[in-house]
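Structure, as structure tokens:
Please read all numbers here as calculations on a predicted model, not as lab measurements.
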Amino acid sequence: MKLAVAIIHGIGNQQDAQDSEGQHRFAQHLINGLRRRLGPEASQIAFQSLYWASVLDRRELAYLEDLEREPVRWRWARRLVTLFLGDASGYRKVSQAYDTTYEQVHQCVRNGLNALRAQVGPDTPLVVLAHSLGGHIISNYIWDQQKLNLTPSCPKDPFLAMETLAGLVTFGCNIPLFTFAYDPVQPIRFPGHCLEESLVAAARWLNVYAPADLLGYPLRPVQGYDAVIQEDRPMAVGPWYKRHTPLSHLEYWEDRRFQDYIAHHLRELLRACPGAPRQAAQPGRPSTLGVQSSTA
């Protein structure tokens, strides 16, 4: 495999259902769509879903069950608020102890990355596709890992150390909402420092947000983030009756334009892999990725 792609979900109730490959349901439509678009090139990519919802879902659903006995109104809205905001408020570092929700979520991420590592070599370039709160989670995970990588030399397993990170696509991302408590704000180091020069030149952190998505934000306006993020791309997603509403937050996964956008980025990285025919890339320049921005 020339490339590894990890896909992490965001807020909300996610089913722990997997297909025959071990991919969780939330990622299946996106993986299948990317494979169709990539054609034979898809055989050079290993995919893996990163599932963490089980850490908080059980507690949230138990509370909602107890709430059935209380005289509250707007129960459907309370369910949405509990499942969505419950994830965001529950995922935080409340102590230095290891056995916290924060560390439990990160252990789920680590388990998924270990499963992906079993399919690829230690130097394989890694791309992470992160939806919603998943962008904040993977950013924290990478930040914590980078604190352990104290020297510029490559660790024994650069893949698991997140030092082969060559691509990060955040979509419906709400990282800005978690930065207001910090001054100054410092983003993660990107890309990883154990990549070939051709991959460093092709590496991109791309951020996609639907203009009507109330939980998806541009990231480059956040202090320091314009240095690591090549593009904030507005893109209306979903069917016509959802793309101009906040429901668009859940519509990225199956959207054809969004899948085209990611597939083009993966092709760029495949061509930058050692041994692959490629065109010279210009480091630091935003990628057009061959897809026109659309807010219609």
Side-chain angles (χ1 to χ4, degrees), residues 1-9 18-24 26-52 106-131 134-135 137-139 141-146 149 154-171 188-206 253 259 261-276 278 281 287 289:
M1 297 291 183
K2 290 186 177 180
L3 200 63
V5 175
I7 307 173
I8 183 169
H9 67 82
Q18 298 170 268
D19 61 15
S20 58
E21 291 185 15
Q23 308 295 357
H24 289 84
F26 73 87
Q28 291 170 12
H29 285 293
L30 180 55
I31 293 173
N32 292 336
L34 292 175
R35 283 174 170 164
R36 285 194 301 270
R37 284 157 174 77
L38 291 167
E41 292 177 291
S43 63
Q44 304 175 66
I45 301 177
F47 291 93
Q48 180 64 52
S49 56
L50 308 181
Y51 177 79
W52 56 267
H106 282 200
Q107 185 58 53
C108 290
V109 173
R110 189 173 296 109
N111 292 342
L113 290 172
N114 282 333
L116 184 56
R117 171 65 178 84
Q119 304 177 58
V120 301
D123 300 312
T124 304
L126 171 65
V127 178
V128 179
L129 312 179
H131 179 235
I137 290 173
I138 200 65
S139 177
Y141 183 88
I142 295 168
W143 175 273
D144 290 347
Q145 187 60 55
Q146 288 179 349
N149 308 339
C154 290
K156 184 176 181 180
D157 195 315
F159 182 90
L160 291 178
M162 306 302 287
E163 293 297 354
T164 65
L165 184 65
L168 180 54
V169 180
T170 45
F171 51 105
I188 60 170
R189 172 171 44 82
F190 180 86
H193 65 220
C194 296
L195 294 170
E196 297 283 346
E197 290 185 8
S198 58
L199 281 162
V200 172
R204 299 285 186 272
W205 179 348
L206 306 169
W253 301 97
Q259 293 179 0
Y261 182 82
I262 296 178
H264 195 99
H265 178 46
L266 296 180
R267 282 197 182 96
E268 287 187 336
L269 288 173
L270 283 173
R271 292 166 186 164
C273 289
R278 59 185 181 269
S287 171
L289 298 182

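At least one donor-acceptor pair under 3.5 Å links the side chain of Gln23 to the backbone N or O of Ser49. Asp19 contributes no side-chain N or O that, together with a main-chain N or O of Gln28, makes up a donor-acceptor pair within less than 3.5 Å. A donor-acceptor pair under 3.5 Å links the side-chain atoms of Arg117 to the main chain of Val120, judged by distance alone. At least one donor-acceptor pair closer than 3.5 Å links the side chain of Glu163 to the backbone N or O of His193. Between the side chain of Gln146 and the backbone N or O of Arg189, at least one donor-acceptor pair lies under 3.5 Å.
One distance of note links CD of Gln48 with CD1 of Ile7; it measures 9.0 Å at 0.5 Å rounding. Rounding to the nearest 0.5 angstrom, the gap separating the CE atom in Met162 from the CG atom in Asp157 is 11.5 Å. Within the model, atoms CD1 of Ile31 and CZ of Arg36 stand 12.0 Å from one another, a figure rounded to the nearest 0.5 Å. The distance from atom CG of Leu195 to atom SG of Cys273, rounded to the nearest 0.5 Å, is 9.5 Å. To the nearest 0.5 Å, atoms CG (Leu269) and NE2 (His264) are separated by 10.5 Å. Rounding to the nearest 0.5 Å gives a distance of 9.0 Å between CD of Glu41 and NZ of Lys2.
Remark: aromatic rings of His106 and Trp52 are distant, center separation not under 6.0 Å.
Looking at heavy atoms from C-beta onward, Leu126 lies in side-chain contact with Leu116 at the 4.5 angstrom threshold. In this structure, Leu34 and Leu129 have side chains that are in contact, with non-hydrogen atoms separated by less than 4.5 Å. Trp205 has its side chain within reach of Ile188: a pair of non-hydrogen atoms, C-beta onward, lies under 4.5 Å apart. Contact annotation: the side chain of Thr164 never approaches that of Thr124 to less than 4.5 Å [non-hydrogen atoms, C-beta and beyond]. Looking at Pro155 and Cys194, their side chains come closer than 4.5 Å, going by heavy atoms from C-beta outward.
Between Tyr51 and His24, the angle of the ring planes stays under 30°, which puts this pair in the parallel group of the 30/60° scheme.
Annotation for Gln18: atom CD counts as buried by contact number, over 12 foreign heavy atoms lying within 6.0 Å.
When the options Leu30, Val127, Val128, Val169 are evaluated for a side-chain contact (heavy atoms from CB on, under 4.5 Å) with Val5, the one that passes is Val127.
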